[in-house]
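What follows is a short report on a single structure.
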Amino acid sequence: MAVDTQHAERIAGLDALELGGERRAGLAARLWARLWPMLTAVALVLVAWQLVVMSGRWPEYVFAGPVETFKAMWERFGEADFYRAVATTMRRAFTGFALAVLVGLVIGAAVSRVKVLRAAFGALITGLQTMPSIAWFPFAILLFGLTESAITFVVILGAAPSIANGLITGVDYTPPLLLRAGHVLGFRRLSLYRHVILPASLPSFLAGLKQGWAFAWRSLMAGELMVIIAYQSSLGEQLAYAREVSDSPGLIGTMIVILSIGIVIDLLFEAADGMLRRRWGLDQR
């Protein structure tokens, strides 16, 4: 009996090692499967970019090539002003987005559960979501002048409707069985939202947050191009300056930085969505 027990333990240990190796291999394979399409896309873009430059359609001072652009970017990475610009832009982005989440959460919760508010403001929220953010800037500048408040105002208006609609959609698709179970457990109003409705609507709400961030980021870039605040360097201000002095490498390099930040934030939302799917047992990989 003792021999059989030792034999079983050894087999179990070997199985554990084999499974661990499979898990490690699976992780490496998934990481490579995620990276190689992105690397291939970057390589294709760089090749196409260089071919357009070599075609001579535009002079290099108007449309710089990859070598000149990345050289200019490398030089800017050693300048303190670049990091101040990124810090200012990200501070504005996170502040505006946080306020938009708060506004969207309150509006979405109210509209999703009160029929009168749904009838009155449901279409208006969708209309605000489809309205170009840049159309708000003349009004925002009239209200707040050339200040950060004008930028924040438009960022909130750009992001909050998407966040509210994400929550409304999630609430609409909450299974009635969960609501009845919540009532049986004694949950009412705020407690029902906290313990039943919000957890059930998380996938749609997360999608609304992701879309809201995209609108907030675009609104912010438009705002920083239109509202130039003295002595406050930002990515939008650097875009405007590069355009005025015809600095094509600096202009394209700043656009690449803005694109890269957007991709990183999108990957964070994707990771959050993956964690949620695994927690709910929807991702079997």
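The figures here come from the full heavy-atom set of this structure, side chains too, leaving out hydrogens, waters and symmetry mates.
Counted within 6.0 Å of CE on Met255, heavy atoms from surrounding residues, nucleotides or ligands total 12 or fewer; the atom is thus considered open. When the shell of 6.0 Å around CZ of Phe63 is examined, it contains more than 12 heavy atoms from other residues, nucleotides or ligands.
Between the CD1 atom in Ile151 and the CE atom in Met226 there is a gap of 10.5 Å [rounded to 0.5 Å]. The distance from the CZ atom of Arg218 to the CG atom of Leu220 is 12.5 Å, given to the nearest 0.5 Å. Atom-to-atom distance recorded for Phe137:CZ and Leu157:CG is 9.5 Å, nearest 0.5 angstrom. Atom CE of Met90 sits about 8.5 Å away from atom CG of Leu235, to the nearest 0.5 Å. How far CG of Leu268 is from CD1 of Ile263: 12.0 Å, rounded to the nearest 0.5 Å. Note that the CD atom of Glu270 and the CG atom of Leu206 stand 11.0 Å from one another [nearest 0.5 Å].
In terms of heavy atoms, Glu79 sits closest to Glu75 at CG-O, 3.6 Å. Contact record, Ala159 with Ala100: CB-CB, 3.6 Å, taken as the closest heavy-atom pair. The minimum heavy-atom distance linking Ile125 with Pro161 is given by the pair O-CB, 3.6 Å. Contact between Ala150 and Gly145 at its shortest, heavy atoms only, is CB-O, 3.5 Å. What you find for Ala140 and Val154 is that their closest heavy atoms are CB-CG2, 3.6 Å.
The side-chain heavy atoms of Ile258 and Leu239, taken from C-beta on, include a pair separated by under 4.5 Å. Inter-residue side-chain proximity for Val62 and Pro59 is flagged as met; some heavy-atom pair is nearer than 4.5 Å.
Linking ILVMFWY residues whenever their side-chain heavy atoms come closer than 4.5 Å, directly or via other members, places Leu209 and Phe94 in the same cluster. Val67 and Phe77 fall into different hydrophobic clusters, where Ile, Leu, Val, Met, Phe, Trp and Tyr residues are linked whenever their side-chain heavy atoms come under 4.5 Å apart, directly or through other members. Note on Ile252 and Val45: separate hydrophobic clusters, where clusters join Ile, Leu, Val, Met, Phe, Trp and Tyr whose side-chain heavy atoms are under 4.5 Å apart, directly or indirectly. In terms of hydrophobic clustering, with Ile, Leu, Val, Met, Phe, Trp and Tyr side chains grouped at heavy-atom distances under 4.5 Å, Val47 and Trp49 are assigned to different clusters. In this structure, Leu267 is not a member of the same hydrophobic cluster as Ile261, with clusters built from ILVMFWY side-chain heavy atoms closer than 4.5 Å.
Relative ring orientation between Phe153 and Trp136 is described as perpendicular, the plane-to-plane angle rising above 60° on a 0-90° scale split at 30° and 60°. Aromatic ring pairs are classed by plane angle as parallel below 30°, tilted from 30° to 60° and perpendicular above 60°; the pair Phe97 and Phe269 is perpendicular. Using the six-membered ring where Trp is involved, Trp213 and Trp217 have ring planes that are parallel, under 30° apart on the 30 and 60° scheme.
No option in Ile168, Asn165, Leu167 other than Leu167 meets the side-chain contact (heavy atoms from CB on, under 4.5 Å) test with Phe205.
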Begin from the C-alpha positions of Phe144 and Thr152 and carry the test side-chain contact (heavy atoms from CB on, under 4.5 Å) through to its verdict. CA-CA 10 Å; Phe144 302 102; Thr152 303; over 6 Å; no
Test Thr69 against Ile256 for side-chain contact (heavy atoms from CB on, under 4.5 Å), laying out the working first. CA-CA 10 Å; Thr69 299; Ile256 292 174; 4.0 Å; yes
Under the side-chain contact (heavy atoms from CB on, under 4.5 Å) rule, what do Phe70 and Met73 come out as? Steps first, then yes or no, please. CA-CA 5 Å; Phe70 288 113; Met73 289 179 63; 3.9 Å; yes
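Among residues at least two apart or in separate chains, side chain to side chain donor-acceptor pair (under 3.5 Å) pairs with a member in residues 248-261 are Arg76-Thr254.
Between the Tyr83 side chain and the Gly78 main chain, no donor and acceptor come within less than 3.5 Å of each other. Looking at Ser55, its side chain does come within 3.5 Å of a backbone N or O of Val52 through a donor-acceptor pair. Proximity of a side-chain donor or acceptor of Ser234 to a complementary backbone N or O of Ala85 within less than 3.5 Å is not detected. Not one N or O on the side chain of Thr89 forms a donor-acceptor pair closer than 3.5 Å with the backbone of Val86.
With 3.5 Å as the limit, one finds no donor-acceptor pair spanning the side chains of Ser204 and Thr169.
Electrostatic pairing of Arg92 and Glu224 counts as a salt bridge here, judged by a charged N lying under 4.0 Å from a carboxylate O. Glu148 and Arg91 are joined by a salt bridge, as a carboxylate oxygen and a charged side-chain nitrogen come within less than 4.0 angstrom of each other.
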